[in-house]
Amino acid sequence: MAICFQFQSPLKPITFPSSNTKRVPIFKCKASFSTTTTTELEPVFTSVKSFAPATVANLGPGFDFLGAAVDGLGDFVSLSIDPSVSPGHVTISEISGSSKLSPNPLFNCAGIAAIATMKMLNVRSFGLSLKLEKGLPLGSGLGSSAASAAAAAVAVNELFGAKLGVDQLVLAGLESEAKVSGYHADNIAPAVMGGFVLIKSYDPLELKPLIFPQNQELFFILASPEFEAPTKKMRAALPAEIGMPHHVWNCSQAGALVASVLEGDVVGLGKALSSDKIVEPKRAPLIPGMEAVKKAAIKAGAFGCTISGAGPTAVAVIDNEEEGKKIGQKMVDAFLEEGHLRSVAMVKKLDRVGARLIEGVPR
């Protein structure tokens with residue numbers, strides 16, 4: 001889930017080439033942010049620019065332990081060595097795309113993740129200047145804070161020779177998430193790693209990439225309304241206790257969702273995505289029109305629909321882009337007619353790459 005503020009700007013599409021990056025079956029690490037390298041590293045670039053994608057967390061029954069990365073949407077971070085910045089420190093020199101974010105790195109998702117990564121790399125002799133370009137609206141339910149954190153962590157890592165693995169980068173981003181929206185990795189893990197990710201454990205942190213078959217088509221239909229849904233309010237709506245029948249049902253559907261991902265079964269994925277009986281029923285009434293949007297999406301041909309993260313974005317799945325555009329329009333219409341909310345809809349593929357370097361100036 002993501003911390004939610006008022007929707008600020010239209011989603012900004014981004015296109016990147018595909019990648020053949022190999023995946024490691026499982027990542028395990030203890031939740032520690034201590035220094036990883038014993039000797040200080042020299043930077044290999046004078047400046048870099050990184051990107052991290054939007055994410056869809058929870059995926060229905062996978063509350064706080066399942067997430068996926070979305071292609072073509074996300075945040076950029078530009079990072080450079082700056083002699084005017086105190087050694088071992090980072091300053092945020094510019095933020096574009098949002099007027100609500102603090103430029104203080106101690107209170108900014110990108111700044112917190114950058115500092116955590118610098119600590120892991122034992123960076124003490126160089127000061128860094130960071131520019132954040134927000135491509136995701138705050139509180140969109142698309143992992144806005146995680147995208148900033150992932151992009152910043154990758155930028156620092158790449159600047160100093162890419163010595164950290166993805167598990168450590170997730171930990172750096174998780175430190176940011178913990179301070180901003182709570183200790184959950186279902187946004188930051190897919191933002192860093194790409195694809196679908198299962199959080200097997202939080203103590204110690206264990207991450208399991210779920211490989212969706214390359215030869216199968218999957219499209220996310222994202223309908224984002226202009227609405228404020230504070231995380232505190234959305235968390236408070238959740239039940240403190242649940243009955244055994246609902247527990248068994250959600251566990252079985254989460255298992256079905258994982259199996260559908262691995263098999264490339266988009267129909268099964270959509271069915272499982274729509275099946276949550278614990279979180280969605282409590283949150284949907286708090287987002288005007290959400291229940292009607294879900295019905296409209298499924299009636300129009302979507303294989304399934306649910307709330308993305310804490311909301312207010314609704315996410316549906318389909319295996320055809322043109323059909324997805326038609327479904328998206330029906331979702332926008334439902335938000336307006338039933339919820340009296342304006343919204344925008346986009347159809348996007350699964351991002352299989354995750355956070356990455358896109359530019360670098362060698363030192």
Side-chain angles (χ1 to χ4, degrees), residues 2 14-29 50-62 64-75 136 142-143 146-147 149-151 153-154 165-171 173-174 177 184-201 205-222 254-266 268-270 272-273 303-304 306 308-309 315-319 321 346-358:
I14 305 159
T15 302
F16 288 102
S18 60
S19 170
N20 294 320
T21 303
K22 293 183 179 180
R23 294 179 179 274
V24 178
I26 189 167
F27 301 96
K28 297 182 180 181
C29 51
S50 62
F51 169 81
T55 48
V56 173
N58 299 339
L59 297 169
D64 276 5
F65 65 85
L66 284 172
V70 178
D71 182 54
L73 299 171
D75 289 358
L136 293 173
L142 293 171
V154 165
V166 293
D167 55 342
Q168 294 162 307
L169 295 176
V170 170
L171 277 175
L174 190 54
E177 288 284 84
H184 59 90
D186 49 349
N187 287 115
I188 189 63
V192 170
M193 299 164 64
F196 288 89
V197 180
L198 166 68
I199 293 83
K200 290 185 64 179
S201 168
L205 184 66
E206 294 186 24
L207 309 171
K208 174 68 176 179
L210 305 175
I211 312 302
F212 188 83
Q214 289 279 354
N215 62 344
Q216 297 294 325
E217 293 280 15
L218 169 64
F219 294 93
F220 296 104
I221 309 159
L222 308 166
L257 194 153
V258 169
S260 296
V261 169
L262 297 176
E263 294 171 356
D265 178 4
V266 185
L269 193 162
L273 186 97
F303 297 148
T306 190
S308 178
V315 56
V317 293
I318 194 69
D319 60 0
E321 185 174 12
M346 300 187 76
V347 181
K348 293 295 176 183
K349 288 187 174 183
L350 176 71
D351 183 303
R352 297 175 182 270
V353 182
R356 60 268 205 184
L357 176 72
I358 59 173

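Because the structure is a prediction, the values reported are computed rather than measured.
Using a 4.5 Å heavy-atom cutoff, the side chains of I318 and F303 are in contact. Within the 4.5 Å cutoff, side-chain heavy atoms of L257 are placed close to those of P61.
Under the 3.5 Å distance criterion, the side-chain polar atoms of R352 are left unmatched by any main-chain donor or acceptor of F196.
The side chain to side chain contact (heavy atoms under 4.5 Å, CB included) check on T306 picks up L273, E280, V315, with sequence neighbours excluded. Looking at residues two or more places apart in sequence or on another chain, you find a side chain to side chain contact (heavy atoms under 4.5 Å, CB included) between L357 and F45, V48, E158. Partners of A54 according to the side chain to side chain contact (heavy atoms under 4.5 Å, CB included) rule, which considers only residues two or more places apart in sequence or in another chain, are V70, L73, L136, L142. Partners of T55 by side chain to side chain donor-acceptor pair (under 3.5 Å), not counting sequence neighbours, listed by chain and number: N187. Take A150 and apply the side chain to side chain contact (heavy atoms under 4.5 Å, CB included) test, not counting sequence neighbours, and it matches A52, I188, A191, V192, A355.
If you take CG on L222 and CE on M346, they are separated by 8.0 Å, rounding to the nearest 0.5 Å. Atoms CG and CG, on L218 and D71 in that order, are 11.0 Å from each other to the nearest 0.5 Å. In this structure, CG in L207 is found 11.0 Å from CG in D186, a value given to the nearest 0.5 Å.
Under the side chain to side chain contact (heavy atoms under 4.5 Å, CB included) test applied with S260, the options V317, L210, L269, V266 reduce to a single match, L269.
Across all their heavy atoms, A185 and P190 have their closest contact at O-CD, 3.7 Å.
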